[in-house]
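Sequence lines set the chain letters: A, B, ... in the order given, protein chains first and strands last, and positions in each chain run from 1.
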There are 2 protein chains.
Amino acid sequence: MAKRVSISDIAESLGVSKALVSLVINDKADAHGISAETQKRVRDKIRELNYQPDLFARSFRVGKTNTIGLIVSDISNRFYARIARDIEDHAWNNGYTVIICSTDENVEKEMKQIKLLRDRKIDGLIISSSQDNSDYFNKLSEAGFPHVLIDRRFDDMQSANVSVDNYGGARLAAEHLLKQGFSSFAVVALSPDHISTIRERIKGFTDTLGKANVQIPPCWLISLPFDRIDKELDNRLQSLHRQGQLPEAIFTLNNNLTSSCLKHLTKLSVNIPEDVAVIGFDDIMYFEHTHPSVSAIGQPTDRISEEAFKLLLQQINNGKADGRQRSVVLPVDIIIRESSIKH
Amino acid sequence: MAKRVSISDIAESLGVSKALVSLVINDKADAHGISAETQKRVRDKIRELNYQPDLFARSFRVGKTNTIGLIVSDISNRFYARIARDIEDHAWNNGYTVIICSTDENVEKEMKQIKLLRDRKIDGLIISSSQDNSDYFNKLSEAGFPHVLIDRRFDDMQSANVSVDNYGGARLAAEHLLKQGFSSFAVVALSPDHISTIRERIKGFTDTLGKANVQIPPCWLISLPFDRIDKELDNRLQSLHRQGQLPEAIFTLNNNLTSSCLKHLTKLSVNIPEDVAVIGFDDIMYFEHTHPSVSAIGQPTDRISEEAFKLLLQQINNGKADGRQRSVVLPVDIIIRESSIKH
DNA sequence: AATTTGGGTTAAATCGATTTAGGTAGTTTA
DNA sequence: TAAACTACCTAAATCGATTTAACCCAAATT
């Protein structure tokens, strides 16, 4: 591997000091009164030897890596993939690079990842956490480590955070289903059930039904472990179907659950929405083209990314996470398609 | 921000040298005859002060960052999202971290990204390149920089690479459509058209049709610019539809093109497959649930990731990209669903 | 003539680790 | 008793940059 040319090489071959070269590179030459002629000589030599500053060494010295971390449960989930893409764009436009980690909802893994990223000296972190309380992040805040929580939130949280109106979205779904005249409902959720988005969506849905004096019996409150969504849902739906106990409508709490639900109902030859109506939280493009097309609560992924990155950058540039951290809650909307229209 | 404890702090508070502490940390103490007792003292102190080695500083010193880059055209594309996820897992299991970049098929951006990542001293790179020749990568090979090209390939390529049998996959699609009895065909491709996957898929398709004495007229060879797939395809399909010139079957060259095609045909009330049949390269879960379900050529994303990471790790561990680089071509399969079944 | 001024430049410390060629002191060997 | 050996440990260089306090010299001022 050909040896890279370093700042010393430039300095030596020119008979000047490394300091001088560094000053020129960093546009501090004028401020230090380096003569125009010398500056030109340096710049020419840099071009001649094709010198590229070692960003790693620079980062080491100045204590800033221009790298941020993004931790989510699964980067191949469309929701997070979109957010990742947007954040990557914002990062790139601001001279940052993104390291992405998937936790599989595994808290230990998540903590290890945060630790590793911090040991690697990332400048900040954007995370959709799987943890069940804010302790860890409050410590991060106290340590002044720039970070923004997205998607999921905690009570007593000091950290900056960006989320959507999960409660309101679920209410929209419930109101819509009630208006359509459905009268029995199931919720398909995800465990671990401490996840705020899940909790809020369930609450928004059940509260709204409650106001209409509709309760959801336990057998229709379905919670599936993250790593076996598909298989478990298959079992549960099959068993309900066998017993003729399917509800009139199902509210699925994220795009994976919606897809899986669609798949297994179809497999059971259950007609949607004639036999069972479906509406999901989180809209993705394909729901427009599934059979039937699927109603969903749409989340503004681009706004989430934008706000999160903005908040992170503020913290990084302020040198620390300062006291009052912004908490941003974004609105959602409902997209009504075939799957939830009463026949 | 509380000051981190460094190796010097440990050394000082113990009255020993930094070297000794470092040796203990790196399990080289025994080899250097450091007494068991001293080792224990060091380890105890490390625990007491909660010392965490600065991985960044270590990387700087040893010249290895344990970070790899992954560059693709768009990380939110399902195909790449899956690959990214798998690579991330392999990386994590091997103590590596992944920096992800999306190029939007922009060659200049891609080069800038490679340069940035190299300046940041990543240990290796996995890339699905948008470039139109192998020069840049051959230079990378000569410089001994570990890298693996995935998905797309080049002629005269010295770099390690993992791809799928695009030609064969396209042949499968063509054979299937012919067997179904369709007799006029369109191909929906992506520009820039130098991309190897696109070229090979087109060739595999047209060659196979050619053997059956079927030609594709220019108006049915549709090539769409990456950043305006959806809009352009809408126009093209509308115009063909208006003129009553839609083919009997369409072969779409990636999952985005397939989705977009589905969307716009549906919008035009064109029945699939009665009016126009569709089969796409690259299968994604949703194609099983779209209306109609969509036939596709499935790519083994997990194998791609696995092989790519394996090849990269080999290069990294060998210290250099050695002469003969492995070239892996993986098989694809055809999944036949409703959209390509003749009525 | 002595002092100040300032333009142009550099030496050296620094970031936090790793690595290697020694050093020291005590014990054994010749 | 001197040399050799052993067991333990350390000094200092190093990675490639940035940063700061000083330095030198010539011109201007007093």
Colleague: Can you check the B/Gln39 CD to D/dC9 P distance for me, whole Å?
Modeller: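 Between P of D/dC9 and CD of B/Gln39: 9 Å.
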Colleague: Among side-chain atoms of B/Glu110 and B/Ser129, is any donor-acceptor pair under 3.5 angstrom?
Modeller: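 Judged by distance alone, the side chains do pair up.
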Colleague: Picking from D/dT18, C/dT10, C/dT18, which would you name as closest to the side chain of A/Val62?
Modeller: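 Nucleotide nearest to A/Val62's side chain: D/dT18.
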Colleague: Kindly state whether the pair A/Phe60 / D/dC15 counts as stacked, where counting means centroids closer than 5.5 Å and planes tilted less than 30° apart.
Modeller: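 No.
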Colleague: Nearest whole Å is fine: how far is C/dG8 P from A/Leu23 CG?
Modeller: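 In whole Å, C/dG8 P lies 14 Å from A/Leu23 CG.
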Colleague: Is there a side-chain contact between A/Ser22 and the phosphate of D/dT19, meaning an N or O under 4.0 Å from OP1 or OP2?
Modeller: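 So the side-chain polar atoms of A/Ser22 never come under 4.0 Å of the phosphate oxygens OP1 or OP2 of D/dT19.
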Colleague: Would you call A/Arg4-B/Asp119 a salt bridge at under 4.0 Å N-O?
Modeller: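 Result for this pair is yes, salt bridge flagged.
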Colleague: Does a side-chain N or O of B/Ser59 approach OP1 or OP2 of C/dA17 to a distance below 4.0 Å, or not?
Modeller: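 No, outside the criterion.
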Colleague: To the nearest angstrom, how far is A/Asp119 atom CG from C/dG16 atom C1'?
Modeller: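 These atoms are roughly 13 Å apart.
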Colleague: Quick one: is A/Arg61 getting a side-chain N or O under 4.0 Å of the D/dG16 phosphate, OP1 or OP2?
Modeller: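 It does not, given that no N or O in the side chain of A/Arg61 lies less than 4.0 Å from OP1 or OP2 of D/dG16.
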Colleague: Under 3.5 Å, is there a donor-acceptor pair between the side chain of B/Asp54 and the main chain of B/Phe56?
Modeller: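 At least one qualifying donor-acceptor pair exists.
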Colleague: Expressed as a whole number of angstroms, how long is the span from B/Glu12:CD to D/dA11:C1'?
Modeller: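 Going from CD in B/Glu12 over to C1' in D/dA11 covers 15 Å.
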Colleague: When the distance from NZ of A/Lys18 to P of C/dA12 is rounded to whole Å, what number comes out?
Modeller: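 Taking NZ of A/Lys18 and P of C/dA12, I get 12 Å after rounding.
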Colleague: Does the side chain of B/Ser6 get closer than 4.0 angstrom to OP1 or OP2 of C/dG16 through an N or O atom?
Modeller: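 No, B/Ser6 has no side-chain N/O under 4.0 Å of OP1/OP2 on C/dG16.
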Colleague: Starting at CG of A/Leu55 and ending at C1' of D/dC15, how long is that distance when rounded to a whole Å?
Modeller: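 Nearest whole value for this atom pair: 15 Å.
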Colleague: Would you please say whether a donor-acceptor pair under 3.5 Å links the side chains of B/Ser305 and B/His90?
Modeller: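 Judged by distance alone, the side chains do not pair up.
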Colleague: Hey, is the side chain of A/Ser35 poking within less than 4.0 Å of OP1 or OP2 on C/dG7, counting only N and O atoms?
Modeller: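 For C/dG7, neither OP1 nor OP2 has a side-chain N or O of A/Ser35 closer than 4.0 Å.
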Colleague: Salt bridge or not between B/Asp104 and A/Arg85? Use side-chain N to carboxylate O under 4.0 Å.
Modeller: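 The answer is yes: the pair qualifies as a salt bridge.
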Colleague: Using atom CD1 of A/Ile7 as one end and atom C1' of D/dC15 as the other, report the distance to the nearest whole Å.
Modeller: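 One finds 14 Å between C1' of D/dC15 and CD1 of A/Ile7, rounded.
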Colleague: Taking for each residue the nucleotide of DNA chain C with the nearest heavy atom, is it B/Tyr51 or B/His32 whose nucleotide lies nearer the 5' end?
Modeller: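 Upstream on the strand: B/Tyr51.
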Colleague: Rounded to whole angstroms, how far apart are CG on A/Asn26 and P on D/dT19?
Modeller: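 Between P of D/dT19 and CG of A/Asn26: 7 Å.
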Colleague: Taking 4.0 Å as the cut-off, does a side-chain nitrogen or oxygen of A/Lys28 come that near to OP1 or OP2 on D/dT19?
Modeller: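 Yes, A/Lys28 has a side-chain N/O under 4.0 Å of OP1/OP2 on D/dT19.
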